[in-house]
Amino acid sequence: MSESHLGDKLLRFFELIQEPVRSKEELVENVRTALDGIAEQKNIGKVTICRSAPESKLRAQIENQTEVLYQSDSSIEETATELSFRTGEGGTAVLSYFPVKGCCWEEEEQHELMLLGNMILWAFRLEIMGELLQRMTTMDLAGEIPNVAGFMGYLGGALAQGRIENYIGFYFNTHNFKYVNKVLSHQKADGVMWLYIRQLLQGIHEDECVARLGGDNFVALIRKENADAFIYRISDVNVKYKDATLEKNFNFGATIGAAELNGAQNPGEIMVRISSAYQAARQKESKEVVYYSEDIHKEIMRRKEVIADFHRGVVKQEFEVYYQPKVNTQSRHLCGAEALIRWRKPDGGLIPPMEFIPILEKDGSICILDFYVLDKVCAFLHRCIRENRPLYKISVNFSKRHIENPHLVSEIVAVVDSHKVPHEWIEVELTESEDAKDYIVMSNLIDKLKAEGISVSVDDFGTGYSSLNMLKMIKTDILKIDQSLIPFGRYNNDNQKDCIMFESIVGLAKALGFQVVAEGVETLRQYEYMRDAGCDMIQGYYFDKPLPMDEYLNRLLFGQY
């Protein structure tokens, strides 16, 4: 063979070795083709690569894994010329050349083979590093399962193979990990998560996938016939954690959204379905699995639209404050008001609070709205002071979501002071919590507000689960009894029992030194009953509906009912 022809073969060898590949199998095939082109001229009978690597979070242990890169039809010598290198994963790769029978390479020939071998090993090094990088970008290293990128890739594969309709998609959040993070160190909490994931994977088939999105959120692709068993398993997971200093059992449930995947066109559409189902499950706050439907998707989109419109609406001042008068029960004289919000869209339509308040409450944007209302109320009070109008205390609702804000009191005071309004004319209404743990935080918050001269009322009393504990633990100024507890109203049928309960609450509140406001009073009979039962103030349609600012200004001039 001419030198020019051999040169062409070597050039082709280098081109094949350097050619980008998508898998190890493709690389091995390229190397075989490259070696086949020069093997006869170089008297190569066989070439192997043997790889070893320790176990890591990125892969299982590889021990003496041998791959034949080239094998001729001729007999070969048993003694090999070897070349090795350290891999990026802390392992080794050994390339072995076996000459054809009866051949012994000279030193110069061995040097040439080493140069060619370095090219081969370089290609395998790149493939190994690429594989590790791929696993790093598609795996959750803490749990050693796929992350969202890995899950999206798995969905893409199932779609490409036409088998996606055989599966149910799941999106679920695990209950109780916040408690784990509170009672254990970060390292131990990670250990509990690892044990939890190990249990999740029990019973998972090779053609199924469970992935971690981050934190305590997971997604899964489970065959339809296994879906019920999977739901049962993730609804009640018991983890036994044990180390040298601690032994503890943890039990985990889950909020679960699920979706049939018939007709899904791409991984993004699947994620929309299962995440929409999960959001609906969160809204229900029950243990039931919620399956995706078009109605659920529309509701999720509506909620997102409300939140997006809300932020635009705040900037454009679309929200209006209405004032519902509070009336002294004995004198029937105006004695204050509650600030309530209304949303007037650009087309003039008025959106009822129940259509956006619960959405903002869930999202957390309610905190922005509360301060918006406080600012408007303080501006109104400043106007009343400036124009020498009658002045009455106005209460502003603050969501339970504010409890997490350690600077809440200073931020409230800053808004009030910016309008130069004396603190005595502002009342903060806090909603009764359903969580007794919040009462300690509420109590501290109330004490700080009262120290600033701002009075506090507890709204919707009687709707929580620990009302009596709340009365014992906090020192509020005013107790507002929820409309659902008012006798002779639309919510009550057993008037005798309702009256016993109502009078007991009023008596207890008065004995503890609280003023009492009855909400939702709509009839003369209710008013007379509230007056005789000892309520201090009444709020409701019997006296006045919530009034726009201008109408409330007029009401201030005629404060007697």
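Fair warning: this is a prediction, and the values are worked out from it, not measured in the lab.
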Heavy-atom side-chain contact between [X] and [Y] under 4.5 Å:
X	Y	value
F310	D363	no
V290	Y278	no
K362	I307	no

Check: R223 side chain, N166 main-chain N or O, donor-acceptor pair, under 3.5 Å =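 No; judged by distance alone, with no hydrogens or angles, the pair does not exist.
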
ask   = Does any N or O in the side chain of N176 come within less than 3.5 Å of the main-chain N or O of F250, such that one atom is a donor and the other an acceptor?
value =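 Checked: no pair found.
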
Which residues pass the side-chain hydrogen bond (donor to acceptor under 3.5 Å, both in side chains) test with [X], sequence neighbours left out?
X	result
N444	none
H186	D190
T174	Y196
E429	S395, K480

If the condition is side-chain contact (heavy atoms from CB on, under 4.5 Å), which residues does [X] pass it with, not counting sequence neighbours?
X	answer
Q187	S185
R303	Q283, E299, I359
P267	M152, L155, L159
A220	F170, F172, V210, I222, F230

Please indicate whether [X] has more than 12 foreign heavy atoms, meaning atoms of other residues, nucleotides or ligands, lying under 6.0 Å from its [atom1].
X	atom1	value
Y179	OH	no
K242	NZ	no
K188	NZ	yes

key: ring pair (Phe, Tyr, Trp, His ring centres under 6.0 Å) involving F356 - partner list, sequence neighbours excluded   =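 Counting only residues at least two positions away or on another chain, F356 forms a ring pair (Phe, Tyr, Trp, His ring centres under 6.0 Å) with F319, W343.
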
query = By ring pair (Phe, Tyr, Trp, His ring centres under 6.0 Å), which residues pair with Y167, not counting sequence neighbours?
reply =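 Ring pair (Phe, Tyr, Trp, His ring centres under 6.0 Å) list for Y167, sorted by chain: empty.
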
ask   = What do the steps show when you test S84 against T92 for side-chain contact (heavy atoms from CB on, under 4.5 Å), and what is the final call?
value = CA-CA 7 Å; S84 67; T92 60; 5.8 Å; no

request  = Could you please spell out the steps behind the side-chain contact (heavy atoms from CB on, under 4.5 Å) verdict for E260 and K224?
outcome  = CA-CA 9 Å; E260 296 268 359; K224 287 183 176 180; 3.1 Å; yes

message = Can you tell me how far apart CD1 (I168) and CG (D228) are? Round to the nearest 0.5 Å.
response =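 Here the rounded value is 9.0 Å.
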
query = Excluding sequence neighbours, so at least two apart, what forms salt bridge (charged side-chain N to carboxylate O under 4.0 Å, His left out) with E67?
reply =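 Testing E67 for salt bridge (charged side-chain N to carboxylate O under 4.0 Å, His left out), a comparison that skips the adjacent residues, returns K24.
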
message = If the condition is salt bridge (charged side-chain N to carboxylate O under 4.0 Å, His left out), which residues does D309 pass it with, not counting sequence neighbours?
response =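 Expected list: R312, K345.
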
inquiry  = Under a 3.5 Å threshold, yes or no: a donor from one side chain and an acceptor from the other, between E338 and N397?
reply    =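 Per modelled atom types, E338 and N397 side chains form a pair under 3.5 Å.
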
task = Give a yes/no verdict on a cation-pi contact between R198 and Y241, requiring under 6.0 Å between NZ or CZ and the six-membered ring centre and an angle within 45° of the axis.
result =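 The answer is no, since R198 fails at least one limit relative to Y241.
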
